[in-house]
K.L.:
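Input: one structure, supplied below.
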Amino acid sequence: MEGEGVFYFALGGYVYGTFIENRVHGYSVLCFPNGDYIAGFWNFGSLHGKAIRYYNEHDTWVLNEYENGAFKQKMMHGKGIPPLCRIWS
C-alpha cells in the first residue's frame with residue numbers, strides 16, 4: 001500500500017493515514033473496535049514523536065513521546081476529548 005488511505009483489520013479497527021512500503025508513515029490514526037485510538041506520528045510502522053492515546057471507556061487521554069516505537073516519556077494527560085490544536089502547536 002502506498003500513499004494516503006485506510007487499512008481495515010479483519011478483527012475490527014483500522015488505520016487511516018499515509019503508507020509507504022505497506023507501513024504507516026507520517027501522521028496517522030489507529031482506531032480500535034472499542035473506540036480507543038492512537039493519533040500521532042509514525043516512522044515506517046513504528047510510533048515516532050508525539051502520539052495521543054484516547055481511552056474511550058474512561059473518556060481519558062494521554063500524550064506520550066516515542067522514539068522508533070519505544071516509549072520515551074509521558075508529556076500530559078486529561079479527561080474528555082484531547083485538545084489537539086493546543087498539543088500539536
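Residue numbers count from 1 along this sequence.
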K.L.:
Any salt bridge (Lys or Arg N to Asp or Glu O under 4.0 Å) pairs touching residues 8-32, not counting sequence neighbours?
P.N.:
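Listed by first then second residue: E21-R23.
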
K.L.:
With a 4.5 Å heavy-atom cut-off, do Y54 and D59 have their side chains touching?
P.N.:
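Result yes, sub-4.5 Å side-chain heavy-atom pair found.
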
K.L.:
Work out which heavy atom in G12 is nearest to a heavy atom in P33; give both atom names and the distance.
P.N.:
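Closest approach of G12 to P33, heavy atoms only: C-CG, 3.5 Å.
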
K.L.:
Using a side-chain heavy atom cutoff under 4.5 Å and only I, L, V, M, F, W and Y, what cluster partners does V62 have?
P.N.:
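Y55, listed by chain and number.
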
K.L.:
What heavy-atom pair brings A39 and Y27 nearest, and what distance separates the two atoms?
P.N.:
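Reported closest heavy-atom pair: CB-OH, 3.4 Å.
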
K.L.:
Output the rest of the hydrophobic cluster of Y8: all Ile, Leu, Val, Met, Phe, Trp and Tyr residues reachable through side-chain heavy-atom contacts under 4.5 Å, sorted by chain and number.
P.N.:
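Cluster partners of Y8: V6, Y14, Y16.
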
K.L.:
Tell me every residue that passes ring pair (Phe, Tyr, Trp, His ring centres under 6.0 Å) with F44, counting only those two or more places apart in sequence or in another chain.
P.N.:
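Testing F44 for ring pair (Phe, Tyr, Trp, His ring centres under 6.0 Å), a comparison that skips the adjacent residues, returns H25.
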
K.L.:
For the atom pair CZ (F19) and CD (E4), what is the distance rounded to the nearest 0.5 Å?
P.N.:
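Rounded to the nearest 0.5 Å, the CZ-CD separation comes to 9.5 Å.
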
K.L.:
Would you mind reporting whether F71 and L47 have side-chain heavy atoms less than 4.5 Å apart?
P.N.:
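No, side chains not in contact.
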
K.L.:
Compare all side-chain heavy atoms of F9 with those of L30 and state whether any distance is below 4.5 angstrom.
P.N.:
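F9 reaches L30 side chain to side chain.
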
K.L.:
Scan for side chain to side chain donor-acceptor pair (under 3.5 Å) pairs involving residues 69-78, sequence neighbours excluded, and state none if there are none.
P.N.:
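Of all non-adjacent pairs touching residues 69-78, those that pass side chain to side chain donor-acceptor pair (under 3.5 Å) are E65-Q73, E67-K72.
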
K.L.:
Using ring pair (Phe, Tyr, Trp, His ring centres under 6.0 Å) as the criterion, list what pairs up with H48, not counting sequence neighbours.
P.N.:
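For H48, no residue satisfies ring pair (Phe, Tyr, Trp, His ring centres under 6.0 Å) once neighbours in sequence are set aside.
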
K.L.:
Rounded to the nearest 0.5 Å, how far does CD1 of I20 lie from CD of E2?
P.N.:
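Spacing of CD (E2) from CD1 (I20) equals 6.5 Å.
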
K.L.:
Which residue pairs pass the salt bridge (Lys or Arg N to Asp or Glu O under 4.0 Å) test with at least one member in residues 36-45, sequence neighbours excluded?
P.N.:
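As it turns out, the salt bridge (Lys or Arg N to Asp or Glu O under 4.0 Å) pairs with a partner in residues 36-45, which skip direct neighbours, are D36-R53.
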
K.L.:
If every non-hydrogen atom of V15 is compared with every non-hydrogen atom of S28, which pair is closest and at what distance?
P.N.:
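Where V15 meets S28 most closely, the heavy atoms are CG1-CB, 4.4 Å.
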
K.L.:
Could you pull out the closest heavy-atom pair between I38 and A51, with the gap in Å?
P.N.:
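Closest approach of I38 to A51, heavy atoms only: CG2-CB, 4.2 Å.
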
K.L.:
With no hydrogens and no angle check, is any side-chain donor or acceptor of K79 less than 3.5 Å from a backbone partner on H58?
P.N.:
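It does hold such a pair.
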
K.L.:
Sort and list the pairs that fulfil salt bridge (Lys or Arg N to Asp or Glu O under 4.0 Å) and have at least one residue in residues 10-20, not counting sequence neighbours.
P.N.:
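As it turns out, there is no salt bridge (Lys or Arg N to Asp or Glu O under 4.0 Å) pair with a partner in residues 10-20 once direct neighbours are skipped.
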
